[in-house]
There are 2 protein chains.
Amino acid sequence: MAKRSDTQGRLDDAARAGWLYYVAGRTQDEIAAAMGISRQTAQRLVSLAVAERLIKVRLDHPISVCLELGERLREKFDLQHAEVVPSDPLGASSTVGIAEAGAAEIERWLKRPDPIIIAVGTGRTLKAAVDQLPPMECPQHRIVSLTGNIGPDGSAAFYNVIFSMADAIKARHFPMPLPVLCSSVEERATLHDQALVRSTLALGAQADATFVGIGELGVDGPLCVDGFLARDEMLRLIERGATGEICGWIYDRQGRLLDNDVNERVASVPIPSRETSRVIGLAQGKRKWPAIKAALTGRLLNGIITDESTAAHLLGD
Amino acid sequence: MAKRSDTQGRLDDAARAGWLYYVAGRTQDEIAAAMGISRQTAQRLVSLAVAERLIKVRLDHPISVCLELGERLREKFDLQHAEVVPSDPLGASSTVGIAEAGAAEIERWLKRPDPIIIAVGTGRTLKAAVDQLPPMECPQHRIVSLTGNIGPDGSAAFYNVIFSMADAIKARHFPMPLPVLCSSVEERATLHDQALVRSTLALGAQADATFVGIGELGVDGPLCVDGFLARDEMLRLIERGATGEICGWIYDRQGRLLDNDVNERVASVPIPSRETSRVIGLAQGKRKWPAIKAALTGRLLNGIITDESTAAHLLGD
DNA sequence: TTTGCTCATGGGCAATTACTCAACATTACC
DNA sequence: GGTAATGTTGAGTAATTGCCCATGAGCAAA
């Protein structure tokens with residue numbers, strides 16, 4: 001072998017080394033011996049082959065599309081965590097898939113041996129996820145609800161998930177003994193000043209991981225369906241740009257919290273800081289697209305669990 | 001995480017881990033942390049992904065030496081297609097390398113939008129190539145087997161590749177519901193006269209691309225090892241000049257089909273015309289050298305995929 | 001219920017691979 | 001012809017990976 005300096009010959013060698021390594025499955029020592037070079041050089045050729053993209057790896061599994069979408073979501077919206085599950089082509093259920101994925105992620109946090117604080121919001125999707133959790137003993141952790149558990153008619157709010165979670169997970173849990181929406185700013189101030197509530201608020205602010213649903217606005221959205229807002233209030237909000245809500249906090253197309261009379265009455269703990277907490281939203285479905293996009297755009301979340309078609313939309317334009 | 005015992009979920013995890021490792025370039029420690037499992041488990045998932053062939057590595061770089069050998073092969077034997085892959089110096093496997101290259105070539109044909117007919121022979125090398133094919137939807141093409149799929153003992157012939165191909169490629173496929181070798185000329189005539197078989201025979205003759213293995217003769221060759229021919233029959237054939245076989249058709253040193261009682265009983269479709277079909281052989285290895293050389297000399301093929309050392313030998317003298 | 005089997009798990013350890021550094025060679029430029 | 005810039009090499013070392021083993025969970029047969 002004459003001149004080793006020419007690029008062509010070097011790429012040839014890289015290809016050959018890469019072939020022996022990846023296709024033939026030889027070790028770099030064997031490659032070095034076969035090609036009459038040192039092991040280090042063999043290693044360099046192999047990594048050159050990778051760097052020059054001579055080696056193409058393909059994953060033949062439906063999951064690969066989802067992983068790629070997740071990667072792109074992470075990049076585009078500067079997320080810490082993005083998980084994409086295959087879309088149910090029939091679109092039958094709004095929770096199939098992401099419930100399991102959400103449960104798996106919650107479980108990963110719960111499995112940690114060091115004590116952490118997990119905050120949960122509300123909503124059908126999150127409830128479905130929590131229902132997938134296996135029984136676990138986690139005395140070291142604390143679980144706190146971000147939203148009140150008293151519905152508009154005074155009954156227990158059905159989609160408050162912390163109680164479902166407490167059924168499965170043996171850990172201290174902290175509900176919010178409040179209505180979801182107070183009747184006035186003053187009432188909220190009074191309620192939030194109770195010792196019990198204050199400690200829950202403080203706990204929520206320290207959450208290490210936060211799981212929330214994302215609600216779309218509209219007369220068929222959860223806020224109306226569950227009776228928290230009347231039709232005309234909702235329509236007025238939408239007129240003023242309201243696009244989605246997380247834990248009752250209503251935000252616009254850019255994901256900015258609206259400054260209006262509804263947000264002033266929301267009793268929920270503020271969404272924990274995205275600096276100190278992993279705030280993961282669970283949502284999918286065409287109806288929620290604008291709400292999800294706005295939440296990500298406004299950095300209300302730094303984690304998302306969604307499905308393929310939603311991810312594709314979020315990346316689409 | 002619900003059921004961790006189910007195979008499907010495990011393969012999903014394996015795909016995830018494999019993707020993170022090979023595509024995203026993460027270390028196994030990072031994967032373990034991300035998936036909430038131990039490093040050892042992550043390692044197991046990665047190697048499972050490899051073992052289950054979820055991960056396919058391909059080298060996209062024509063090494064100039066191989067290119068040159070291919071060029072000279074094309075010229076010397078008047079071939080339409082010649083592809084040479086690097087030789088594994090340890091020569092451990094007889095299919096490593098050309099399987100990937102063969103799969104890539106098959107894939108190129110399958111990707112064509114216009115409907116074509118692809119014929120396949122049999123053999124270990126071809127089987128290995130077909131196993132490398134990614135799932136594809138090709139409703140426009142038809143795939144036909146040149147060889148029967150019933151083994152000498154009546155069971156399904158293991159190295160009949162059309163079924164493996166049907167697993168990956170969604171296209172109409174046409175097996176040959178026949179033994180590989182008939183018991184007599186008369187039986188072959190009868191069998192070939194069946195309507196189903198006649199249409200398959202006709203289809204094979206029209207093949208646009210044909211992929212076949214090349215078998216060497218000898219008591220260790222595939223015909224004997226797989227039980228199609230007895231030792232003494234084989235020895236008698238060799239005495240009479242038999243050098244190799246393609247789809248069971250036995251030929252001599254010049255690549256001329258032998259006129260004997262074995263060829264009279266071969267149930268296979270005749271090798272498609274080299275005028276109208278691209279007939280590509282996949283073979284490498286010293287033991288096959290005479291068989292390959294004869295096949296090329298006799299123009300039984302107009303395409304070859306082989307390895308460096310074989311190519312060098314074919315050009316050598 | 002018990003027994004025996006299979007298989008996933010995590011720890012430990014050896015093999016393998018990636019990276020850093022300093023020396024040397026080659027090329028480009030003055 | 002000298003000199004700087006660039007790139008390559010081997011040695012050493014840190015990081016990563018592959019494999020074996022003991023353990024325990026899950027499951028089917030006894």
Side-chain angles (χ1 to χ4, degrees), chain A residues 1-55 57 59 100 104 107-114 132-138 140 168 170, chain B residues 1-55 57 59 88-90 92-93 96:
Chain A
M1 284 175 221
K3 287 280 161 64
R4 288 262 123 269
S5 54
D6 57 310
T7 313
Q8 183 55 52
R10 191 167 172 80
L11 274 185
D12 270 12
D13 286 349
R16 185 175 293 267
W19 188 90
L20 288 166
Y21 188 71
Y22 286 104
V23 182
R26 315 245 74 101
T27 71
Q28 297 181 352
D29 267 320
E30 292 172 313
I31 296 168
M35 296 179 67
I37 53 182
S38 74
R39 195 185 55 71
Q40 293 90 331
T41 304
Q43 193 274 325
R44 284 188 185 98
L45 289 174
V46 171
S47 60
L48 178 65
V50 174
E52 294 290 331
R53 306 207 168 279
L54 304 180
I55 301 287
V57 182
L59 179 67
E100 287 79 1
E107 202 183 326
R108 273 191 281 273
W109 285 88
L110 288 172
K111 268 187 184 158
R112 296 171 58 149
D114 52 313
Q132 296 289 323
L133 286 172
M136 288 178 76
E137 305 268 338
C138 311
Q140 72 275 33
K170 293 283 167 293
Chain B
M1 271 170 256
K3 287 279 166 60
R4 282 267 131 267
S5 52
D6 56 311
T7 313
Q8 182 57 51
R10 192 167 171 80
L11 272 186
D12 277 7
D13 286 348
R16 257 201 161 63
W19 189 88
L20 289 167
Y21 188 73
Y22 287 104
V23 183
R26 311 292 192 74
T27 71
Q28 296 181 354
D29 267 319
E30 292 173 314
I31 296 168
M35 297 180 67
I37 54 182
S38 72
R39 204 218 19 107
Q40 294 85 335
T41 304
Q43 195 272 328
R44 282 188 187 100
L45 288 175
V46 171
S47 58
L48 177 66
V50 174
E52 293 291 328
R53 303 194 171 286
L54 301 179
I55 300 286
V57 181
L59 186 105
D88 182 351
L90 299 185
S93 162
V96 88

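Below, chain A is the first sequence line, B the second, and so on; all start at residue 1.
Whole-Å rounding puts the B:Met35 CE to C:dG10 P distance at 12 Å. Between the CG atom of A:Leu48 and the P atom of C:dT17 there is a distance of 17 Å, rounded to whole Å.
Atom CZ of A:Arg39 is separated from atom OG1 of A:Thr27 by 9.0 Å, given to the nearest 0.5 angstrom. Note that CD of A:Gln28 is 9.5 Å distant from CD of A:Gln40, once rounded to the nearest 0.5 Å.
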Check nucleotides 14-18 of chain D for protein N or O atoms closer than 3.5 Å to its own N or O atoms and list the pairs.
residue : atom : partner : partner atom : Å
D:dT17  : OP1  : B:Tyr21 : OH           : 3.2
D:dT17  : OP2  : B:Gln28 : N            : 2.7
D:dG18  : OP2  : B:Gln28 : NE2          : 2.8
D:dG18  : OP2  : B:Gln43 : NE2          : 3.0
D:dG18  : O6   : B:Arg39 : NH2          : 2.8

Between the protein and nucleotides 21-25 of chain C, list the N/O to N/O atom pairs that are separated by less than 3.5 angstrom.
none

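Listed by chain and residue number, A:Ile55, B:Tyr22, B:Ile55, B:Val57 satisfy the side chain to side chain contact (heavy atoms under 4.5 Å, CB included) test with A:Val57 (two or more places apart in sequence, or in another chain). Judged as a side-chain hydrogen bond (donor to acceptor under 3.5 Å, both in side chains), and not counting sequence neighbours, B:Arg16 has no contacts.
Residue B:Thr41 places at least one side-chain N or O under 4.0 Å from the OP1 or OP2 atom of C:dG10.
Closest approach of A:Ala17 and A:Ile31 over heavy atoms only: O-CD1, 3.7 Å. The heavy-atom pair separating A:Gln140 from A:Leu110 by the smallest distance is NE2-O, 4.2 Å. Taking each heavy atom of A:Leu54 and A:Ala14 in turn, the nearest pair found is CD1-CB, 4.3 Å.
Note on the helix from C:dT1-D:dA30 to C:dC30-D:dG1: terminal axis deviation equals 30°, with five pairs used at each end and the result rounded to 10°.
For the pair B:Arg26 and B:Glu30, the salt-bridge criterion is not met [side-chain N within less than 4.0 Å of a carboxylate O].
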Report all side-chain donor-acceptor pairs from residues 41-50 of chain B shorter than 3.5 Å, counting only partners two or more places apart or in another chain.
residue : atom : partner : partner atom : Å
B:Thr41 : OG1  : B:Ser38 : OG           : 2.9
B:Ser47 : OG   : B:Gln43 : O            : 3.3
B:Ser47 : OG   : B:Arg44 : O            : 3.2

